[in-house]
Peer 1: 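Before I ask anything, here is the structure I am working with.
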2 protein chains.
Amino acid sequence: MFFMHVINATDRLPTRGHAAKRLSILEAGARVFCREGYTGANIDMIAAEAGVSRQTVYNHYGDKDRLFAAVVTEITQRCNARSFEVLATFPDQPADLEDELIAFAMRLTQKCVCDEDGKYLRKLIQSEGERHPHLFAGWRTEGPGKVWSALAARFARLAYAGHLELDDPDVAARQFIALVNAELHIPALFGEKLENDQLREVTTRAVKTFLRAYRRNGKEGQETTRVSRALPA
Amino acid sequence: MFFMHVINATDRLPTRGHAAKRLSILEAGARVFCREGYTGANIDMIAAEAGVSRQTVYNHYGDKDRLFAAVVTEITQRCNARSFEVLATFPDQPADLEDELIAFAMRLTQKCVCDEDGKYLRKLIQSEGERHPHLFAGWRTEGPGKVWSALAARFARLAYAGHLELDDPDVAARQFIALVNAELHIPALFGEKLENDQLREVTTRAVKTFLRAYRRNGKEGQETTRVSRALPA
DNA sequence: GACATATTAGACAAGGCTGTCCAAAAATAT
DNA sequence: ATATTTTTGGACAGCCTTGTCTAATATGTC
């Protein structure tokens, strides 16, 4: 009962009491660490932004290091969970492949790349990744590692079903993500948000290019080996 | 590169030893700011790494803010210059389009994306871009803005010459860069370097995909408008 | 209401960092 | 060799931050 909070503060969303403060500190920590960097962030700021006294922060997380670690693992888990949620909506039996891939890509962007957590995670990794690689080792294997290969499996399935023609599903998956994110990098760096219409345009162009390269009969040159590995459910 | 001192905010023309220290401080500043973030960096560290006394740092740059600004503009200019150098080697009249695009993309990666300055710039922008947008406004317009449209013009030229078939050269340019960088992001975040062989593989896959999407006779669906805008020398 | 637990505000020491001042030493130019 | 400019090391005040401690207050349970 008491360990609940210790293990993971967000499996429930408490609105009062111990757990509520704990969560609110975590969220404020994410915002502040991300905005100011590890060294630039200070506990008073986090406490103020969490609507909590400084001492409470220390009561819950011991010290700055441990708070930071908690923030990182929390954000990481949240991002991964989101990614797999979206992944579950991949169009396995598409009626209109292009349309459905576009919709899928937009979900991916909105819920995993351009949302708050995604932004936080990118900034935290960028600023502290080299200094504390152990903190992000989990993210690397559980995050992109699994998400990408899961996405690759979905593409392999589409290829097996005759919708795509591809050499290496892993490469296709990475390229898909790269294309979809192609036009988001610069705005993301400066915290600018894309309107829904713009996002649709950008995504549409990305998916069209992807499909021109990988559609069943959009080939030319390059030997394409038929995929025939174990496919997931 | 030599004009730097003249252009730069402060002051009078430096003598020889003066200029050497000045540069060494700038480079050390880049390393330390990038490694530790703006707040995390301290002047003593920079002075030590520059092989200079702390007072000398203050003599040259006044205070931390102005040193940081100088570092940013220096790195920015260096990166832009590099980018245009590489851009000048774009294959305008390719004998073997794929091979030459691969070589070009590798130059781009090695000299602009994966080199020290590129890494520094990314980290600085990521960590301080939102807080000091004015510092990077110049980079945005002079850097990606001009590089991308210059690259787009080169692609348009290839299209005009019948090598490619593309809708919008600007989009193609961004997608080209996105594909080429697709597999570099994660390693870059953790400061890992790719071997030359791996880089070649990764780049080859990217260019192959790009060309499958945009080669003259690798089409299907999607109305492709012939480009006919003003072309640069 | 009584009790236990969480939370709060504030004070506090220890330490780090910035930016300044200064006098001596070194480098450079004349 | 001498005059001028730069550099150096050290000392310093002022400020901020972390993490601890304490006594008072709030919250929730029985």
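Residue numbers start from 1 in every chain, and the chains themselves are labelled A, B, ... in the order their sequence lines are given, proteins ahead of strands. Excluded from the calculations below are hydrogen atoms, water molecules and symmetry mates; all remaining heavy atoms, backbone and side chain alike, are included.
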Peer 1: Kindly indicate whether a cation-pi arrangement holds for B/Arg22 with B/Tyr61, taking the cut-offs as under 6.0 Å to the six-membered ring centre and within 45° of the axis.
Peer 2: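 Yes, cation above the ring, under 6.0 Å and within 45°.
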
Peer 1: Classify the angle between the aromatic ring planes of A/Tyr38 and A/Phe68 as parallel (below 30°), tilted (30 to 60°) or perpendicular (above 60°).
Peer 2: perpendicular

Peer 1: Just to confirm, is there a sub-4.0 Å distance from OP1 or OP2 of C/dT8 to any side-chain nitrogen or oxygen of A/Lys21?
Peer 2: yes

Peer 1: Is any side-chain N or O of B/His18 closer than 4.0 Å to OP1 or OP2 of C/dT28?
Peer 2: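 For B/His18, the contact criterion (side-chain N or O under 4.0 Å from OP1 or OP2 of C/dT28) is not met.
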
Peer 1: Tabulate atom names and distances for all N/O pairs under 3.5 angstrom spanning the protein and nucleotides 20-26 of chain C.
Peer 2:
residue, atom, partner, partner atom, Å
C/dC21, N4, B/Gln55, OE1, 2.7

Peer 1: For residues A/Arg54 and A/Ile43, report the shortest heavy-atom separation together with the two atoms involved.
Peer 2: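 A/Arg54 and A/Ile43 have their closest heavy atoms at CG-CG2, 3.6 Å.
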
Peer 1: Considering just the side-chain nitrogens and oxygens of B/Thr56, establish if one lies under 4.0 Å of OP1 or OP2 belonging to D/dT8.
Peer 2: yes

Peer 1: Are any of A/His60's side-chain N or O atoms less than 4.0 Å away from OP1 or OP2 of C/dA6?
Peer 2: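 No.
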
Peer 1: Below 4.0 angstrom, which residues in residues 33-42 of chain B have at least one non-hydrogen atom near DNA chain C?
Peer 2: B/Ala41, B/Asn42

Peer 1: Does the side chain of B/Met106 come within less than 4.5 Å of B/Arg200's, by heavy atoms?
Peer 2: yes

Peer 1: Which residue, B/Glu116, B/Glu49, B/Glu36, forms the salt bridge (charged side-chain N to carboxylate O under 4.0 Å, His left out) with B/Arg31?
Peer 2: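 When B/Glu116, B/Glu49, B/Glu36 are each tested with B/Arg31, the salt bridge (charged side-chain N to carboxylate O under 4.0 Å, His left out) holds only for B/Glu49.
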
Peer 1: Please give, in whole Å, the distance from D/dC16 C1' to B/Ile43 CD1?
Peer 2: 16 Å

Peer 1: Mind calculating the distance between CG (A/Asp44) and P (D/dC15) to the nearest angstrom?
Peer 2: 17 Å

Peer 1: For the residue pair A/Ile186 and B/Trp148, establish whether any side-chain heavy-atom pair is separated by less than 4.5 Å.
Peer 2: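 Heavy-atom side-chain distance check passes, below 4.5 Å.
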
Peer 1: May I ask you to say whether A/Glu192 pairs ionically with B/Arg140, meaning some side-chain N is under 4.0 Å from a carboxylate O?
Peer 2: yes

Peer 1: To the nearest Å, give me how far apart NZ (B/Lys64) and P (C/dC17) are.
Peer 2: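 Spelled out: NZ on B/Lys64 to P on C/dC17 is 9 Å.
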
Peer 1: If you take all heavy atoms of B/Arg78 and B/Glu27, which pair is closest and at what distance?
Peer 2: NH2-OE2, 3.5 Å

